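Below you'll find the structure, written out as structure tokens, and then a few comments.
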Amino acid sequence: MRVNFTVNGRPRQADDVWEGESLLYVLRERLGLPGSKNACEQGECGSCTVRLDGVPVCACLVAAGQVEGREVVTVEGLATGEDGAELSVVQKAFTDAGAVQCGFCTPGLVVAADELIRRNPDPSDADIREALSGNLCRCTGYEMILDAVRLAAARAGEAG
Amino acid sequence: MATARTPAGLAAGTLGGIGESVPRPDGTLKVTGEFAYASDLWHEDMLWGCTLRSPHAHARILSTDVSGALATPGVYAVLTHADLPAATRYGLEIQDTPVLADGVVRYHGEPVALVAADHPETARRAAARIRVAYEELPVVHDEESATAPGAPLLHPGRDDSHAAHVPHPNIVHRQPVVRGDVAAARARAAVVVTGDYEVGMQDQAFLGPESGLAVPAEDGGVDLYIATQWLHADLRQIAPVLGLPEDKVRMTLSGVGGAFGGREDLSMQAHACLLALRTGKPVKMVYNRFESFFGHVHRHPARLHYEHGASGDGRLLYVKARIVLDGGAYASSSPAVVGNAASLAVGPYVVDAVDVEAVALYSNNPPCGAMRGFGAVQACFAYEAQMDRLADRLGLDPVEFRQRNAMAQGAVMPTGQVVDAPAPVAELLRRVKARPLPPERPWESAGGGPDVRALPGGLSNTTHGEGVVRGVGYAVGIKNVGFSEGFDDYSTARVRLETVAGQPVATVHTAMAEVGQGGVTVHAQIARTELGVTRVVLEPADTRVGSAGSTSASRQTYVTGGAVRHACHLVREEVLALGRARFGASHPAWAHAELLLEGGKVTTEAGEVLAALADVLEDEVIDVEREWRHRPTEPFDLRTGRGDGHVQYSFAAHRAVVDVDTELGLVKVVELACAQDVGKAMNPLAVAGQIQGGTTQGLGLAVMEEIVVSADGRVRNPSFTDYLIPTILDTPAIPVDILELADEHAPYGLRGAGEAPTLSATPAVVAAIRAATGLALGRVPVRPEHLTGT
């Protein structure tokens with residue numbers, strides 16, 4: 001089948017999509033967007049988190065056909081400027097705070113954290129933990145991920 | 001940072017050197033999603049490989065019919081044992097692991113056949129069409145069944161180096177460590193405590209699944225892009241399987257999504273290469289999470305029996321221990337895990353009389369091998385439980401009791417090895433104990449109604465904290481750094497220095513596997529410090545340069561860091577020789593040996609600038625590749641365990657604070673503070689990240705993580721739905737206190753840091769749960785039913 005949807009603001013078309021394919025497979029293998037990661041493919045780890053019409057979802061649990069005519073934002077769509085040269089506030093905070101080690105969870109966490117601080121510009125630690133509880137990280141022990149989200153929220157606040 | 005004014009003519013220090021929290025060089029690529037992990041690789045015309053695995057833990061293969069799979073449209077090749085072109089077995093130490101099952105399967109999930117097809121789902125469906133007829137065989141699943149009279153032998157006719165000294169062919173390796181007179185010590189003991197402990201099978205659960213891309217080359221060789229922990233160890237095992245000389249198998253490290261020991265053994269490396277060479281097409285293999293649980297070794301589950309005796313004034317008199325590790329169907333790194341468990345079995349304490357035996361079994365359970373902590377984790381859980389029980393019997397504070405018996409520099413290990421570097425065991429305990437305790441009943445402190453998110457069970461909880469009890473527990477551990485027991489544990493670094501666009505640039509090339517630990521950051525820092533340049537280029541890790549050894553055993557900053565430093569020193573000597581030839585006549589200081597490279601300049605020790613590096617180098621390119629070795633170690637004596645077996649020791653202590661809902665059996669770890677001596681914090685932020693990450697894996701083992709294997713050897717929970725690792729809600733604040741007591745034998749005085757925090761986190765959490773509940777809790781992970789008795 002053919003699937004038409006918007007990815008990071010651009011209309012995209014995927015052809016020869018098999019009915020059983022997930023949004024994650026279409027993004028990674030058909031559209032050349034491997035930023036969303038494939039760590040469990042059953043919605044437990046959050047490494048493939050993308051926004052579907054603004055709502056964070058696990059792309060591995062979304063059938064490709066379900067995104068027809070809808071809007072998807074992936075980690076590749078967060079940086080701004082020419083060719084994405086300028087990191088988003090959350091991306092920058094993740095690198096500054098030491099929140100990245102192996103980095104496999106990072107794309108999903110960055111998308112989830114970005115959604116959190118847009119929705120809740122001044123999150124408490126409990127709010128951050130709740131919002132990121134669907135994203136597993138095996139390297140960091142989460143402390144520096146918390147630091148990163150606090151830092152991002154503070155910087156976004158300063159920037160007004 | 002305070003900045004001192006730099007007098008004219010004196011060099012400024014080099015920014016981004018050691019000791020600074022320099023950001024990762026791959027950080028931007030990782031936050032934008034551009035960093036290419038092994039599972040992201042793509043090649044024109046590429047096929048997808050898939051593995052058919054055994055559904056049985058022990059069975060004979062009566063027949064295999066691949067015709068249905070081969071007839072599937074889109075399938076290019078199907079391989080079984082009969083198709084292997086050369087060596088049919090491989091292994092890290094003992095070559096006992098079949099590339100594909102050779103008439104017998106010995107564990108649930110053993111690879112039996114391979115398929116290559118043009119879509120991953122086609123490959124999966126074709127694999128499902130392979131008809132394998134099995135005859136199930138009796139299963140060996142614990143020590144009793146492994147060593148019973150007439151027990152099935154996993155590997156009859158063993159000829160490996162351990163076969164001659166083991167008491168039974170189903171025992172991979174046995175290592176005793178004996179010292180002093182235990183019987184006499186027991187006769188003097190005022191208090192004796194015995195205990196039985198059990199550690200469940202933990203999984204590394206790295207997030208990036210096993211994956212790689214094999215591309216056949218025109219010269220008949222293959223290029224493999226792979227996520228691994230040690231390129232050259234893979235190469236040594238793959239080339240014989242392919243029947244190729246090593247120079248025809250070219251390996252490049254791809255992005256690695258964590259490792260923690262689980263990538264020390266081969267997974268899909270040889271399989272992808274075999275399929276690529278058979279089909280003449282690039283072949284990519286990516287395990288899904290289900291397959292990943294079968295595709296790598298796990299932490300050895302263990303049963304441990306301990307007996308401790310102490311004097312009335314709280315001095316340890318003797319320790320007897322027997323540690324039985326289940327190595328599963330193939331040897332992997334079981335022999336080395338046994339050596340660690342035996343030599344570190346009494347912990348960081350001074351004990352004159354010791355009688356320890358550690359063994360690893362062959363069984364039909366999943367193969368076990370390396371995981372962060374490597375044999376020291378299991379022992380630490382047991383000896384720290386024993387220390388708490390002894391303190392209780394003696395009426396002593398558990399920290400005070402540990403401090404009385406803590407080793408310090410100059411102490412002698414049960415192996416006879418003298419600990420000749422700082423061993424601040426008592427101080428680490430003092431530091432975690434001195435921290436203020438977090439407030440009690442944190443769910444109430446927010447004001448208003450209870451914030452259930454702070455209760456055990458979190459949002460899923462159904463109480464308001466009525467049955468919640470707080471507990472505090474302590475633990476400390478000892479871990480070796482580097483490969484032990486006489487292993488030639490070297491690393492290689494190539495460093496080039498040249499002028500590019502008028503600026504000096506250093507290029508560092510090693511085969512070190514960056515798996516997330518930040519070795520690439522530290523190696524660049526070392527090059528900046530040693531060569532006084534700002535710009536450092538890191539070449540991709542591959543097999544064009546000599547071996548860096550494994551990214552494991554907390555060794556890469558020490559060993560490959562040491563190799564980078566050594567290569568930089570040799571480059572510096574060449575720079576200075578060049579400078580003397582060019583400018584020696586211009587300043588008498590050139591004749592001195594102690595010149596430095598700093599801030600892009602050659603300077604005297606006093607900081608006087610002699611020349612700019614760019615002027616010294618001009619068009620010269622200085623290029624040095626060298627191996628570097630730390631102090632040699634010795635094997636442990638097979639009868640007594642005596643020997644200077646370890647390179648270095650690493651210490652961490654934890655204090656755990658938990659809230660336990662005693663009615664629901666739920667545990668919330670409120671805080672898990674760690675103090676660790678790292679010798680020198682090469683990158684303080686990265687070191688803290690290692691400590692927090694290692695601590696969290698220890699927390700996981702304490703309260704949630706276990707691969708459940710039934711008595712028939714089948715794995716029951718191979719998914720992230722059923723095998724739980726800590727989420728951000730399960731993980732508490734982890735305050736970290738870093739000591740830097742230099743080890744004069746190590747580069748920069750540093751101490752390998754990655755593993756020690758994984759040891760003591762587990763027993764500290766369980767000690768806190770015991771303190772809250774009064775339960776004995778001899779097994780990890782602690783589950784709700786252990787707390788409620790239901």
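Quantities reported herein were computed from a predicted structural model and do not represent experimental measurements. Labels below follow one simple rule: chain letters A, B, ... track the order of the sequence lines, proteins then strands, and each chain is numbered from 1.
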Taking all non-hydrogen atoms of both residues into account, name the closest pair between [X] and [Y] and its distance.
{"X": "A:Phe94", "Y": "B:Val31", "answer": "CB-CG1, 3.8 Å"}
{"X": "A:Cys102", "Y": "B:Tyr37", "answer": "O-OH, 2.6 Å"}
{"X": "A:Glu143", "Y": "B:Ile734", "answer": "OE2-N, 2.8 Å"}
{"X": "B:Pro209", "Y": "A:Ala39", "answer": "CD-CA, 4.5 Å"}
{"X": "A:Arg138", "Y": "B:Pro726", "answer": "NH1-CD, 3.9 Å"}
{"X": "A:Gln101", "Y": "B:Arg24", "answer": "O-CZ, 3.4 Å"}

With the side chain counted from C-beta on, respond yes when [X] and [Y] share a heavy-atom pair under 4.5 Å apart, and no when they do not.
{"X": "B:Glu121", "Y": "A:Tyr25", "answer": "no"}
{"X": "A:Pro107", "Y": "B:Lys30", "answer": "no"}
{"X": "A:Phe104", "Y": "B:Ser39", "answer": "yes"}
{"X": "A:Val75", "Y": "B:Thr32", "answer": "no"}

Looking at A:Glu41, A:Glu130, A:Gln42, A:Arg129, which one has more heavy-atom pairs under 4.5 Å with chain B than the rest?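 Counting heavy-atom pairs under 4.5 Å, the top option is A:Arg129.
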Who wins among A:Thr140, A:Thr106, A:Leu109, A:Asp96 for the most heavy-atom pairs under 4.5 Å with chain B?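 Going by pairs under 4.5 Å, I would pick A:Thr140.
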Looking at chain A, which one of [options] has the largest number of heavy-atom pairs inside 4.5 Å, strictly under?
{"options": "B:Trp42, B:Phe260, B:Phe206, B:Tyr287", "value": "B:Phe260"}
{"options": "B:Ala205, B:Gly700, B:Gly258", "value": "B:Ala205"}
{"options": "B:Leu729, B:Ile728, B:Thr731", "value": "B:Ile728"}

Distance in Å, [X] [atom1] paired with [Y] [atom2], rounded so as to fall on 0.5 Å steps:
{"X": "B:His119", "Y": "A:Glu29", "atom1": "NE2", "atom2": "CD", "answer": "8.5 Å"}
{"X": "B:Leu207", "Y": "A:Leu136", "atom1": "CG", "atom2": "CG", "answer": "6.5 Å"}
{"X": "A:Cys60", "Y": "B:Arg289", "atom1": "SG", "atom2": "CZ", "answer": "12.0 Å"}
{"X": "A:Lys37", "Y": "B:Phe35", "atom1": "NZ", "atom2": "CZ", "answer": "9.5 Å"}
{"X": "B:Leu29", "Y": "A:Thr95", "atom1": "CG", "atom2": "OG1", "answer": "11.5 Å"}

Toward chain A, the part of [X] with a non-hydrogen atom under 4.5 Å:
{"X": "B:Ser292", "value": "neither"}
{"X": "B:Ala454", "value": "neither"}
{"X": "B:Ser21", "value": "neither"}
{"X": "B:Val286", "value": "side chain"}
{"X": "B:Thr727", "value": "both"}
{"X": "B:Leu672", "value": "neither"}
{"X": "B:Ala733", "value": "both"}

Using heavy-atom distances under 4.5 Å, tell me whether [X] contacts chain B through its side chain, its backbone, both, or neither.
{"X": "A:Asp127", "value": "both"}
{"X": "A:Leu87", "value": "side chain"}
{"X": "A:Asn135", "value": "neither"}
{"X": "A:Ser133", "value": "both"}
{"X": "A:Ala97", "value": "backbone"}

Verify the neighbour count for atom CG of A:Asp15: are there more than 12 heavy atoms of other residues, nucleotides or ligands below 6.0 Å?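 Atom CG in A:Asp15 is crowded, with more than 12 foreign heavy atoms closer than 6.0 Å.
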How about A:Asp122: does its CG atom have over 12 heavy atoms from other parts shown lying under 6.0 Å from it?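 Open.
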